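Every chain is numbered from 1 and lettered A, B, ... according to where its sequence line falls, protein lines coming before strand lines. Everything numeric here is computed off the predicted structure, so don't read it as measured data.
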There are 2 protein chains.
Amino acid sequence: MNVITIRDVAQAAGLSLSSVSRALNGGKNVSARVARDVVAAADRLGYQPDFLARSLRTRTSGMVGCLVSDISNPLNATIVQAAEARLREAGYMLVVVSTGNDPARERAAALEFRGRRLDGMLVSPGSDANEKTWRELVAGGTAVVILDRDPLEGDGDNRWPAVLVDHRAGAKAATRYLIGLGHRRIALLTADERMRPSRERIAGFREVFAEMGIDPAGARLCIQASPMDFAHGHTLAILRADGAPTAIVALGTRILAGVLRAARDLGLSVPRDLSVLSVGDTDLAAVHTPAITALRWSLEDIGRAAAELLLQRLRGDVGQAQHRALLPVDLVLRDSCAPPARS
Amino acid sequence: MNVITIRDVAQAAGLSLSSVSRALNGGKNVSARVARDVVAAADRLGYQPDFLARSLRTRTSGMVGCLVSDISNPLNATIVQAAEARLREAGYMLVVVSTGNDPARERAAALEFRGRRLDGMLVSPGSDANEKTWRELVAGGTAVVILDRDPLEGDGDNRWPAVLVDHRAGAKAATRYLIGLGHRRIALLTADERMRPSRERIAGFREVFAEMGIDPAGARLCIQASPMDFAHGHTLAILRADGAPTAIVALGTRILAGVLRAARDLGLSVPRDLSVLSVGDTDLAAVHTPAITALRWSLEDIGRAAAELLLQRLRGDVGQAQHRALLPVDLVLRDSCAPPARS
DNA sequence: AAGGATTATGGAAACGATTTCAACAAGCGG
DNA sequence: CCGCTTGTTGAAATCGTTTCCATAATCCTT
């Protein structure tokens with residue numbers, strides 16, 4: 001079962017390789033007769049071009065890589081899927097690799113991408129450790145777009161193309177809302193502070209406390225950096241301690257699940273005894289009884305915007321093109337927050 | 001910023017291309033001196049091989065494709081991630097494409113995979129429509145492993161390599177359990193009957209009814225084929241009708257969410273007024289109050305087993321190798337099922 | 001109708017690796 | 001010391017395309 005090449009087509013049509021190639025690529029300088037014959041022969045033989053050979057010659061692979069911490073996380077998966085749809089539309093194929101936030105694997109994958117001559121990359125770095133790698137790639141001609149991270153926040157003018165979510169504004173809205181309800185002791189359960197989303201959220205939180213003239217120390221603003229899977233135990237500990245928070249802001253499905261389970265274990269009723277607010281809107285938040293008030297942003301928009309930014313660069317429109325997109329965050333009011341009980 | 005090739009390494013080391021290639025690929029017949037010099041030169045220059053060129057020559061790309069209906073579905077994503085981890089370990093790179101169960105896109109992606117000379121594919125066909133495509137691929141030398149589908153169930157001996165989940169046994173266990181609790185009117189909300197998982201579940205269901213001598217017609221065994229997003233409305237309709245079911249078996253996160261929401265809307269208490277059993281164990285099922293009894297199987301195992309099967313074929317161990325893996329399903333008892341109220 | 005400008009065609013050289021093959025060196029037994 | 005085997009090395013072919021360049025053909029202009 002031998003594959004048929006452009007040679008076979010040329011022979012079948014009684015033409016030269018160059019003519020066939022030109023005809024198939026819709027190049028100029030092709031007579032109608034030749035075009036017709038070539039297409040006919042190609043169809044008859046069932047010719048399928050070899051992308052590898054083509055890529056080798058043209059030095060563009062038509063593939064785009066995506067580095068993400070964990071594709072089994074629905075939030076990431078949704079972003080990736082939206083990006084993939086847009087990129088496929090434009091003729092690119094998306095290759096996804098989960099790095100588990102391990103800088104070594106991140107770097108290895110990035111180098112492999114380069115070795116495979118991928119045209120561009122969407123990356124969501126797990127830390128700032130690989131800044132050098134991204135620089136290398138960019139210098140080597142790879143188009144890179146960052147997903148909701150900002151490894152070079154202080155770099156002034158020459159910033160990375162990136163798609164960012166306005167987590168700070170979201171956190172501020174949530175905090176204002178809870179403080180407005182009367183809460184003063186609020187726990188914020190979020191991931192590692194080194195990553196942009198958490199960093200921004202924490203900053204937003206603090207800003208609002210300062211704005212309102214509330215001392216954040218007395219407020220028991222509480223940030224946890226332990227892995228997500230410990231959320232359940234961690235929450236139990238927090239809620240059992242003296243001066244336990246009256247409201248908890250929890251990041252994402254996993255932590256939210258831990259918090260809700262902890263509340264149930266302690267016999268606390270939401271929202272009577274404890275207000276809960278989810279950062280990120282998931283099935284769990286929407287369906288839980290009571291339904292959980294949540295911060296929501298569009299994952300599809302992130303994926304689409306990232307793809308669009310990358311396509312811009314792949315087309316070479318780097319000049320006046322915008323470098324970054326900032327996506328809004330909404331506060332979806334549901335039933336899981338209420339004024340705190342008398343304390 | 002020109003990329004450096006094997007030529008440059010050869011020149012720097014004062015050797016021929018062939019020697020360098022042999023040395024780098026750990027081939028035989030390489031003197032210690034040459035090996036040392038080559039590695040030194042390659043390191044010094046920062047040489048990175050071009051996978052494209054290599055693939056073109058060796059006719060193997062080191063890439064494996066994965067066709068899946070929807071990567072943003074956590075169940076699929078988990079499978080994919082496990083497979084990816086195993087394949088990466090073996091030096092392969094996984095390319096994932098979401099097809100949305102559209103046969104045309106499926107076929108297009110499969111052909112593109114072939115055009116890019118992917119060595120193998122994991123596919124989870126959305127229907128039987130593309131049977132011909134898979135046959136073509138296999139005939140063309142691509143290793144194909146099917147994920148929890150069985151497009152050629154009746155084919156006797158020459159079956160596809162596939163990883164299957166024992167949905168039938170799972171459904172039987174669930175059905176026996178519900179009938180044992182006293183339920184007679186059970187609704188089964190599941191996807192399109194054309195796909196193996198649903199087909200098997202329905203068969204299992206029916207088997208148990210027959211086994212127990214219960215007439216399935218009177219039992220209101222009820223199968224819905226409408227898209228998942230309509231689960232909420234559909235459930236409302238079912239529960240409002242005469243002879244409404246006393247138990248609902250719901251497939252996956254989305255449908256389960258719809259069912260729970262419908263129950264809440266109607267003021268039905270789970271499990272007092274309605275027993276609910278989830279097919280597939282998700283965060284939502286585990287955390288919901290009450291916690292939802294669920295059928296569980298290991299997604300990681302599916303991914304790993306599929307990768308293993310594919311690697312076997314890629315290594316050419318087709319002979320005595322086993323064609324397929326059958327994975328078990330467990331019934332996880334929680335709090336969402338109880339004997340039906342007096343009707 | 002001739003000359004120059006444009007356009008269609010085919011031959012051959014890339015692209016960057018692997019692999020075959022022949023040449024050459026060294027080791028070894030007799 | 002010769003012939004044979006074994007082990008190293010480099011030149012060249014190859015993978016399937018695209019693209020540069022030279023040449024042949026066609027068109028337009030005066």
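The interatomic distance linking A:Asp8 (CG) with D:dC15 (P) rounds to 11 Å, in whole Å. In this structure, the CG atom of B:Leu24 is 11 Å from the C1' atom of C:dA17, given to the nearest Å. Distance CZ (A:Arg54) to C1' (C:dG16): 18 Å, rounded to an integer number of Å. Summarising the geometry, the separation between CZ on A:Arg117 and P on D:dT17 is reported as 20 Å, rounded to the nearest angstrom. C:dG16 atom P lies 12 Å from atom CD1 of B:Ile4, rounded to whole Å. Atoms CG (B:Leu56) and P (D:dA13) sit 17 Å apart, rounded to a whole Å.
One finds no side-chain N or O of B:Arg59 lying less than 4.0 angstrom from the OP1 or OP2 phosphate oxygen of D:dT14.
With sequence neighbours left out, the salt bridge (Lys or Arg N to Asp or Glu O under 4.0 Å) criterion links B:Asp37 to B:Arg33. Under the rule for a salt bridge (Lys or Arg N to Asp or Glu O under 4.0 Å), B:Glu106 has no partner lying at least two apart in sequence or in another chain. Qualifying side-chain contact (heavy atoms from CB on, under 4.5 Å) partners for A:Arg116, counting only residues two or more places apart in sequence or in other chains: A:Glu112, A:Leu118, B:Phe51, B:Met63, B:Met93.
A distance-only check finds no donor-acceptor pair linking the side chain of B:Ser21 to the backbone of B:Leu17 [under 3.5 Å]. Of the possible polar contacts, none joining the B:Asn101 side chain to the B:Ser69 backbone as a donor-acceptor pair under 3.5 Å is found. Between the side chain of B:Thr99 and the backbone N or O of B:Arg105, no donor-acceptor pair lies under 3.5 Å. With B:Arg59 contributing its side chain and B:Arg117 its backbone, the two residues share no donor-acceptor pair below 3.5 Å. B:Asp43 places no side-chain N or O within 3.5 Å of a backbone atom of B:Ala40 that could act as its donor or acceptor partner. A donor-acceptor distance shorter than 3.5 angstrom exists from the side chain of A:Arg196 to the backbone of A:Val165, with no hydrogens or angles considered. A donor-acceptor pair under 3.5 Å links the side-chain atoms of A:Asp119 to the main chain of A:Ser61, judged by distance alone.
In this structure, the nucleotide among D:dT19, D:dT17, D:dA13 sitting nearest to the side chain of A:Thr58 is D:dT19. Of the candidate nucleotides D:dT19, C:dA17, D:dG16, C:dA17 has the atom lying nearest to any side-chain atom of B:Ile6.
Across residues 42-51 of chain A, A:Tyr47, A:Gln48, A:Pro49, A:Asp50 each have a non-hydrogen atom less than 4.0 Å from an atom of DNA chain D (numbered order).
The existence of a salt bridge linking A:Arg304 and A:Glu300 is excluded, since no basic side-chain nitrogen approaches an acidic carboxylate oxygen closer than 4.0 Å.
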Between the protein and nucleotides 9-12 of chain C, list the N/O to N/O atom pairs that are separated by less than 3.5 angstrom.
unit_1 : atom_1 : unit_2  : atom_2 : d
C:dT9  : OP1    : A:Ser31 : OG     : 3.0
C:dT9  : OP2    : A:Ser31 : N      : 3.1
C:dT9  : OP2    : A:Ser31 : OG     : 3.2
C:dG10 : OP2    : A:Ser16 : N      : 3.2
C:dG10 : OP2    : A:Ser16 : OG     : 3.3
C:dG10 : OP2    : A:Ser19 : OG     : 2.8
C:dG10 : N7     : A:Ser18 : OG     : 3.3
C:dG10 : N7     : A:Arg22 : NH2    : 3.1
C:dG10 : O6     : A:Arg22 : NH1    : 3.3
C:dG11 : N7     : A:Ser18 : OG     : 3.2
C:dG11 : O6     : A:Ser18 : OG     : 3.0

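Between the side chain of A:Arg57 and the base of D:dT17 there is no donor-acceptor pair of N/O atoms closer than 3.5 Å.
The residue A:Thr5 sits close only to the backbone: its heavy atoms come under 4.0 Å of sugar-phosphate atoms, none of a base.
The terminal axes of the helix from C:dA1-D:dT30 to C:dG30-D:dC1, fitted over 5 pairs per end, subtend an angle of 40° to the nearest 10°.
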